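Here is how names work: the chains are called A, B, and so on, in the same order as the sequence lines, proteins then strands, and each is numbered from 1. Only this structure's heavy atoms are used, side chains among them; waters, hydrogens and symmetry mates stay out. Being a predicted model, the structure only gives us computed values, none of them experimental.
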Amino acid sequence: SQQGEEDPQALSIQEGENATMNCSYKTSINNLQWYRQNSGRGLVHLILIRSNEREKHSGRLRVTLDTSKKSSSLLITASRAADTASYFCATASYSGYSTLTFGKGTMLLVSP
Amino acid sequence: SQTIHQWPATLVQPVGSPLSLECTVEGTSNPNLYWYRQAAGRGLQLLFYSVGIGQISSEVPQNLSASRPQDRQFILSSKKLLLSDSGFYLCAWSGGTTLPSSYNEQFFGPGTRLTVL
C-alpha cells in the first residue's frame, strides 16, 4: 500500500515561479524524504527531514514537515526548465530494515 | 564514490519467457538492496529487499523472485513472465559501510524498462 500521497498530481508553471508540492501520509514516521525522477530515469534523492525537524533547506529547496497533520511540503524557488521532472515523497517507518514507502508523485512542468 | 549499475537498460520479452535482471553496487560494503517496480504514471512499488547475502524479504506475492549471491549483487528473476510484469524496474541501495547506520536515503540505479508481449 502507498503511504504518501502527493498533491497536486501535475503542476505547470513558468520559469522563475515557485513550485509547491504537498505530501500526506497516514502512519507515524521516522523520516520523510523527497526524490526527483527525470523521465525514464532512476530516482535522485533530494532531501531528508526527520520526524523531530520542522523545516529544512537545501539550495533552492525548502521542505517542511508537520507531524500533527501528517503532511509535508516541498517548495522549489525560482524554478528553471531543468526542474521539470516528477517529484516523489517517501516515508520511512523505521523497522531496522530501512524500507521506504513512496507516493505516486507530482509531475512538474516548468516552461521557459 | 559509490555507483550502482543495472542491466539491461531495456528488454522486450514474450509472455512465458524467463527473466533475469542484474544490479551491482560499487564503493560500499554490506548495503541494503532493494528492487522496485514502477508502472506507467505510478509511484514505486517495493518488490524485494535484502539486508545481507542470501537474505531476501518479499513485499508483494507474485511470480518474481530475488537473490543476493554476493554482497553487492542483487538479481531479479522470473521463470515465466506475465503481461502484468511489464514496467520500469529500479534497483536501489542504502546504508552500508560508507553511510551512518541511521541513514536510510536510497540511491537508485538507472532502471530497466521491461515490456512483456
Side-chain angles (χ1 to χ4, degrees), chain A residues 1-11 21 23-26 29-53 56 58 61 63 85-109, chain B residues 2-7 9-10 21 23 25 28 30-52 55-60 66 68 87-96 99-115:
Chain A
S1 64
Q2 288 180 309
Q3 161 89 302
E5 291 289 338
E6 290 90 343
D7 170 57
Q9 290 186 341
L11 180 61
M21 289 159 269
C23 171
S24 59
Y25 57 93
K26 297 177 182 176
I29 61 172
N30 174 276
N31 65 69
L32 185 144
Q33 304 176 32
W34 286 91
Y35 288 80
R36 164 192 168 134
Q37 183 182 34
N38 287 78
S39 180
R41 307 292 291 273
L43 277 71
V44 175
H45 180 266
L46 295 176
I47 198 164
L48 180 154
I49 186 165
R50 301 194 182 281
S51 59
N52 61 352
E53 297 176 310
K56 206 162 184 179
S58 177
L61 306 179
V63 169
S86 291
Y87 292 82
F88 295 89
C89 70
T91 53
S93 302
Y94 184 67
S95 65
Y97 291 134
S98 301
T99 60
L100 295 177
T101 305
F102 284 82
K104 296 180 182 180
T106 293
M107 190 177 300
L108 173 66
L109 173 63
Chain B
Q2 302 82 40
T3 56
I4 178 170
H5 304 278
Q6 275 187 255
W7 64 91
T10 59
L21 303 181
C23 170
V25 179
T28 189
N30 196 31
N32 296 331
L33 296 172
Y34 310 86
W35 277 112
Y36 292 90
R37 178 169 59 202
Q38 185 178 32
R42 305 272 299 178
L44 275 69
Q45 179 186 39
L46 179 63
L47 301 175
F48 301 95
Y49 66 93
S50 171
V51 299
Q55 299 180 59
I56 307 294
S57 295
S58 174
E59 290 291 298
V60 182
R68 185 171 177 174
F88 192 48
Y89 288 82
L90 289 157
C91 180
W93 71 274
S94 72
L99 289 174
S101 59
S102 60
Y103 253 104
N104 64 348
E105 62 182 294
Q106 294 184 10
F107 302 92
F108 285 79
T112 294
R113 175 77 57 193
L114 172 66
T115 303

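- Only the side chain of Gln37(A) comes within contact range of chain B, with at least one heavy atom under 4.5 Å from a heavy atom of that chain.
- Note: Pro110(B) leads Ala9(B), Cys91(B), Pro110(B), Ser50(B) in heavy-atom pairs under 4.5 Å with chain A.
- Sparse packing is recorded around CD of Gln9(A), with 12 or fewer heavy atoms of other residues, nucleotides or ligands lying under 6.0 Å away.
- By number of non-hydrogen pairs under 4.5 angstrom with chain A, the leading residue of Arg113(B), Gln106(B), Gln38(B), Gln6(B) is Gln106(B).
- In terms of heavy-atom proximity, Glu105(B) sits nearest to Leu48(A) at N-CD1, 4.3 Å.
- Here the side chains of Tyr36(B) and Leu100(A) are in contact, with some heavy-atom distance below 4.5 Å.
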